[in-house]
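Notes to accompany the following structure.
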Amino acid sequence: MDGGSCSNSVPGSANFDKSRVLDVKPLRTLVPVFPSNTQGPPFASGFPPFYPFNLPQGVNQQTHNPTPLRSFPVRQPNEVPGEQHEDDDNYEDEVFDDPKPLRKRARKARTTVASGDFVGAIGLSQREDGDREVVTNVLMRFDGLRRKLSQLEDVKESMKGGIKRPDLKAGNILMSKGVRTNMKKRIGAVPGVEIGDIFFFRFEMCLVGLHSQSMAGIDYMIVKINLEDEPLAVSIVSSGGYGDETEDSNFLIYSGHGGINKKEQAADQKLERGNLALERSLHRGSEVRVIRGMKDAVNTSAKVYVYDGLYTIQESWLEKAKSGSSTFKYKLVRVPGQPNAFAIWKSIEKWKEMISSRVGLILPDITSGAEKIPVSLVNEVDEEKGPACFKYFAAVQYPKSFKLTQPAYGCNCQNACQPGNLNCSCIRKNEGDFPYTANGILVSRKPLIHECGSACPCLANCKNRVSQSGLKIRLEVFKTKERGWSLRSWDPVRAGTFICQYAGELIDKTSEDDDYVFDSTRDYESFSWNCESGLIDSSTDASDNYAIPSPVFISAKNIGNVARFMNHSCDPNTFWQPIMYEHSNESFLCIAFFALRHIPPMTELTYDYGISRSYTDPCKKKKCLCGSSKCRGHFG
DNA sequence: GAGTGATCAGGTCA
DNA sequence: CTGACCTGATCACT
């Protein structure tokens, strides 16, 4: 890819009111950065192929990719940030040790107008009223920062005390920097937030203006009606703490707040604040946004929140709890005509209990047990009984010739590799970063991630083996109306979650009649995913706009896994990440897919197929049917 | 182990 | 400025 291009479409780049941008902080420079430092395998100098594959250098590499990859040397203590840190332009804390502060400032001024991308403040008008793009942008930046803070906390874990709340820290930082939207409270829909959107932290809903209380379940605002101030509810979060009735997806019995004392006995609830606002909303027939919270099926200690659209309050009453104290109850009814959201979750619950209740089910498990959890095959749109024949295999098949001849070496950690332990050679290979958070979420995209393998003595519960542990989310292969078979998840998927590898046969190069090929040499649209630098002092991650290196071709035509069903989208919700690990004294490379953002259940999983550089005939490109607003029209 | 309760340091907004 | 509040991570305990 052209790592230096600034014209790519990054979330949040298009519709900013530039005149109102207060503080635009460009991350990327206009000029490609050529690192002089050439240490640090595997992409140290120029453009080598992936470590074990010494394929002849393809034509595409030289002619179409003049930008060398940046290297990722481990930053030495006292190392003066040089050329390679130009991306950190907004890194005020580092300016003092920059040998060329003047030039830096000049560059900043020059690139201000061209920026307006992932990094930078949100325009004032968009802080008040957002749209889909800003909402996505804010959420991506929140999670990037949260993951980074989480990674830093994991390192400090040995130090006692200090409860880990990266979500609060990240939210606090973004709030103070003005990285938020829909600050104006409103009754009814919030621009840019869609019914069915999912959230994993209360702060995410604060930042996009869906529910601006970080803890409280009822959010309300004072509305002037006939010159009188009246509190009206704007949104509620039902998360189970008060024993709400949530069985029917069209109704909800919600309890008022208060009355729960930690030490003393439960007290009567009072008709004040949120309770009063709900009462007034009932009288006025005012609509209330409802967010339903429940346990995350994948990470049972965490919670997921679904925005389930607008409800009206039908009735309210006072109920005696077991303790004898009285509690307010509100019956909310879903406004008809809205797309299903929570109802889908309820259906999935049923399918999980009894697979035969899934309408259109062809096979309960297309993997025939090759994966730890089943992948069902479903067709709800026509009569086709399944995709063309292929052999299901969960991993890549490596031909002999590709196997590494050099001896592999793993780490020598005894139990599980500990973040921050620089004696662990696997961590050192990752520039000192542990690639995943404690619950297995990818922190940052990198040119290559090194996982522990069987050459490492650490135990199988080592957290640095995420891509080797098989499927964790419940997937379904399904027939689409226009785009053949596709893949989606029954479980909600949070950003950075490992989805699957691209399994298949490793081949020399692609043949043009193979629709099931993964080809790393294509042109891929760049995008930002990592934590932007400048938000936290210790953020040393380079921009993730690195060029995609090295030829890797995997054909899933005859042998493959679920990944072969993933369709292309110009606005994808997953991305691929090269991962290397060692096994039986040999190194293996795999392509792993991770969630780019939070993905609600039953949403089609897609990635960017890229555009082949070897086609001279543009007619061979395929017409794109992704339907996104960012659609480039074709792919392949 | 998985599920639950207790505990505690944290945020924002009114 | 204080305090209420349907947090989220962790640990002890079934």
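Lettering of chains follows the sequences in order, A, B, ..., and the numbering in each one begins at 1.
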Salt bridge (charged side-chain N to carboxylate O under 4.0 Å, His left out) against [X], all qualifying residues, sequence neighbours excluded:
| X | result |
| --- | --- |
| A/E371 | none |
| A/E353 | none |
| A/K352 | A/D491 |
| A/E451 | none |

Checking A/R180 now: which residues fulfil side-chain hydrogen bond (donor to acceptor under 3.5 Å, both in side chains) with it, not counting sequence neighbours?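 side-chain hydrogen bond (donor to acceptor under 3.5 Å, both in side chains) check on A/R180 returns nothing, list empty.
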
Contacts of type side-chain hydrogen bond (donor to acceptor under 3.5 Å, both in side chains), residue A/T437, not counting sequence neighbours: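 If we apply the side-chain hydrogen bond (donor to acceptor under 3.5 Å, both in side chains) test to A/T437, skipping adjacent residues, the hits are A/N439.
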
Euclidean distance, atom [atom1] of residue [X] to atom [atom2] of [N] [Å, nearest integer]:
| X | N | atom1 | atom2 | value |
| --- | --- | --- | --- | --- |
| A/L174 | B/dG11 | CG | P | 14 Å |
| A/K270 | C/dA4 | NZ | P | 10 Å |
| A/N439 | C/dG8 | CG | P | 13 Å |
| A/K169 | B/dG11 | NZ | P | 8 Å |
| A/N299 | B/dG3 | CG | P | 12 Å |
| A/Y330 | C/dC6 | OH | P | 12 Å |
| A/R202 | B/dG11 | CZ | C1' | 11 Å |
| A/D167 | C/dT7 | CG | P | 12 Å |

If you look at every heavy atom in A/P492 and A/D296, which pair is closest and at what distance?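 A/P492 and A/D296 have their closest heavy atoms at CG-OD1, 4.0 Å.
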
Tell me whether the OP1 or OP2 atom of C/dC6 has a side-chain N or O from A/H257 closer than 4.0 Å.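 Answer no for this pair, as no side-chain N or O of A/H257 is under 4.0 Å from OP1 or OP2.
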
Using modelled atom types and a 3.5 Å cut-off, is there a donor and acceptor pairing between side-chain atoms of A/R127 and backbone atoms of A/G178?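 Such a contact is found between A/R127 side chain and A/G178 backbone.
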
Start at the 5' end of DNA chain C and walk down; is the nucleotide closest to A/S238 or to A/R146 reached first? A/S238

Is there side-chain contact between A/W351 and A/V378, with heavy atoms separated by less than 4.5 Å?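 Heavy-atom side-chain distance check fails, nothing below 4.5 Å.
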
Give the residues of residues 300-312 of chain A touching DNA chain C, defined as any heavy atom closer than 4.0 Å, sorted by residue number. A/K303, A/Y305

All N/O contacts under 3.5 Å from nucleotides 12-14 of chain B to the protein, with atom names and distances to one decimal?
residue	atom	partner	partner atom	Å
B/dT12	OP1	A/N172	OD1	3.3
B/dA14	OP1	A/K185	NZ	3.0

By ring-ring contact (aromatic ring centres under 6.0 Å, His included), which residues pair with A/F593, not counting sequence neighbours?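 With neighbours one apart ignored, the set is A/Y607.
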
Contacts of type ring-ring contact (aromatic ring centres under 6.0 Å, His included), residue A/F498, not counting sequence neighbours: A/F594

State the dot-bracket string of DNA chain B. Criteria: Watson-Crick or G-U wobble, both atom distances under 3.5 angstrom; notation: ( ) intrastrand, [ ] crossing earlier pairs, | interstrand, . unpaired. .||||||||.||||

Does the aromatic ring of A/Y242 sit over the six-membered base ring of C/dC6, closer than 5.5 Å centre to centre and tilted less than 30°? yes

Classify A/G293 by what it touches in the nucleic acid, base, sugar-phosphate, or nothing, heavy-atom distance under 4.0 Å.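 Since no nucleic acid heavy atom lies under 4.0 Å of A/G293, the category is nothing.
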
Would you indicate what A/K295 reaches in the nucleic acid, counting non-hydrogen atoms under 4.0 angstrom: base, sugar-phosphate, or nothing?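 Since only primed, P, OP1 and OP2 atoms lie under 4.0 Å of A/K295, the category is sugar-phosphate.
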
Kindly state each residue pair satisfying ring pair (Phe, Tyr, Trp, His ring centres under 6.0 Å) with at least one member in residues 191-215 of chain A, sequence neighbours excluded. A/F200-A/H598

